[in-house]
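This report refers to the structure that appears directly beneath it.
FYI, the numbering just counts along the sequence from 1. Since this is a predicted model, take the numbers as computed values, not measurements. Read the numbers this way: they start at 1 and go in the same order the structure lists the ligands and their atoms.
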Amino acid sequence: MRIVLLGAPGSGKGTQGKKLSEAYGIPKISTGDALRAAVAAGTELGRKAHPLMEAGKLVPDALVYGIVQERFGHDDCKKGYILDGFPRNHAQAEELDRMLGRIGQPALEKAVHLHVDDEEIVQRLHQRAIQEGRDDDKPETIRKRIGVYNSETRPLLDYYAAQGKLVTVDGIGKLEEIYQRIVAAL
Ligand code: AMP
């Protein structure tokens with residue numbers, strides 16, 4: 001299974017991706033997790049990415065291409081993977097298609113859109129700010145990240161619809177219910 005999870009920040013991509021990863025025995029590739037790890041480790045990548053992440057902006061495309069391509073090279077990706085948080089804009093989606101061709105891997109099979117309305121997103125991100133203390137879940141940054149999602153990432157729904165790969169799942173409800181909806185849509 002080779003899929004990408006699409007949805008606003010807080011739509012449940014991370015949670016559902018983890019569940020799918022465990023159930024299907026394939027890795028979840030999260031560029032956000034990789035960038036947070038780089039920030040924590042104080043690498044050059046982390047130093048470049050940190051101020052942009054804190055501001056709720058996307059980091060330059062070139063920084064995430066390296067992360068993804070390196071990850072695809074690991075053996076555990078041979079059976080498939082779940083992409084969470086990549087691609088994030090049109091250029092990244094096109095590069096992903098090219099990258100898979102270049103490294104001789106099959107194309108992406110489906111793009112799963114977790115649909116959650118804006119009001120619920122804002123509430124969930126406030127909750128996450130309290131529970132996890134992620135420094136990009138502050139109110140100003142939340143607004144910025146939702147704006148970036150709407151202008152840069154949402155257009156990918158059309159990109160994958162045009163390829164006949166888009167499935168939309170209602171992202172509101174119990175975790176298990178949403179998971180079953182995703183499995184049924186795959
Ligand atoms: P996430 O955990 O996916 O919400 O990502 C947290 C932050 O990392 C984002 O707000 C961006 O600053 C950065 N980031 C993660 N993935 C990407 C990506 N594919 N392209 C650019 N920036 C990204």
Side-chain angles (χ1 to χ4, degrees), residues 2-21 27-73 77 81-100 103 108 111-116 118 120-160 171 182:
R2 294 173 173 80
I3 64 167
V4 54
L5 298 176
L6 294 173
S11 60
K13 301 187 300 296
T15 309
Q16 295 295 337
K18 183 163 179 281
K19 225 168 140 51
L20 287 162
S21 160
K28 172 171 88 88
I29 303 176
S30 159
T31 43
D33 285 349
L35 290 168
R36 280 184 287 278
V39 171
T43 64
E44 197 191 336
L45 170 65
R47 281 196 296 277
K48 284 185 187 154
H50 193 219
L52 295 159
M53 294 170 77
E54 264 198 315
K57 295 179 184 163
L58 295 184
V59 309
D61 295 342
L63 294 188
V64 290
Y65 295 159
I67 295 173
V68 177
Q69 183 153 340
E70 193 273 332
R71 193 64 189 83
F72 279 154
C77 287
Y81 47 78
I82 296 146
L83 288 170
D84 161 17
F86 177 88
R88 214 53 167 237
N89 60 29
H90 203 266
Q92 291 183 13
E94 285 183 331
E95 174 57 20
L96 171 62
D97 289 346
R98 277 195 298 269
M99 189 189 292
L100 291 171
I103 62 178
L108 214 61
V112 179
H113 173 212
L114 281 173
H115 181 260
V116 178
D118 284 359
E120 168 86 11
I121 287 293
V122 173
Q123 277 179 16
R124 286 190 192 181
L125 291 177
H126 280 308
Q127 269 310 110
R128 192 162 78 181
I130 297 162
Q131 282 164 1
E132 294 178 23
R134 252 177 72 160
D135 58 8
D136 58 356
D137 281 340
K138 294 186 202 113
E140 328 78 84
T141 321
I142 289 174
R143 273 193 295 278
K144 176 77 190 165
R145 290 169 68 218
I146 293 173
V148 169
Y149 172 75
N150 284 325
S151 61
E152 307 242 0
T153 312
R154 194 186 280 277
L156 295 186
L157 302 179
D158 292 334
Y159 181 85
Y160 288 113
I182 297 174

What protein heavy atom sits nearest atom 6 (C) of ligand 1, and how far off is it? Arg36 NH1, 3.5 Å
Does the side chain of Leu125 come within less than 4.5 Å of Pro139's, by heavy atoms? no
Taking Arg145 for the side chain and Gly56 for the main chain, is one N or O donor matched with an acceptor at less than 3.5 Å? no
Assess, by modelled atom type and distance only, whether the side chains of Tyr159 and Asp97 contain a donor and an acceptor separated by less than 3.5 Å. yes
Considering only protein heavy atoms, which is closest to atom 12 (O) of ligand 1, and at what distance to one decimal place? Lys57 O, 2.5 Å
For the residue pair Phe72 and Tyr81, categorise the inter-ring angle as parallel (less than 30°), tilted (30 to 60°) or perpendicular (more than 60°). tilted
Judged by heavy atoms only, the candidate from Arg88, Arg145, Lys13, Gln92 nearest atom 5 (O) of ligand 1 is Arg88
Looking only at heavy atoms, is any part of Val64 under 4.0 Å from ligand 1, and if so is it the side chain, the backbone, or both, or is it neither? side chain
Ligand 1 atoms in contact with Phe86 (distance to a heavy atom under 4.0 Å): 19 (N)
Min over Leu35, Thr31, Val59 of heavy-atom distance to atom 14 (N) of ligand 1 lands on Leu35
In the protein, which heavy atom is nearest to atom 8 (O) of ligand 1, and how far is it? Met53 CE, 3.5 Å
In this structure, NE2 of His50 is separated from CG of Leu35 (nearest 0.5 Å) by 11.0 Å
Atom of Ser21, atom of Ile82 and distance for their closest heavy-atom approach: N-CD1, 3.4 Å
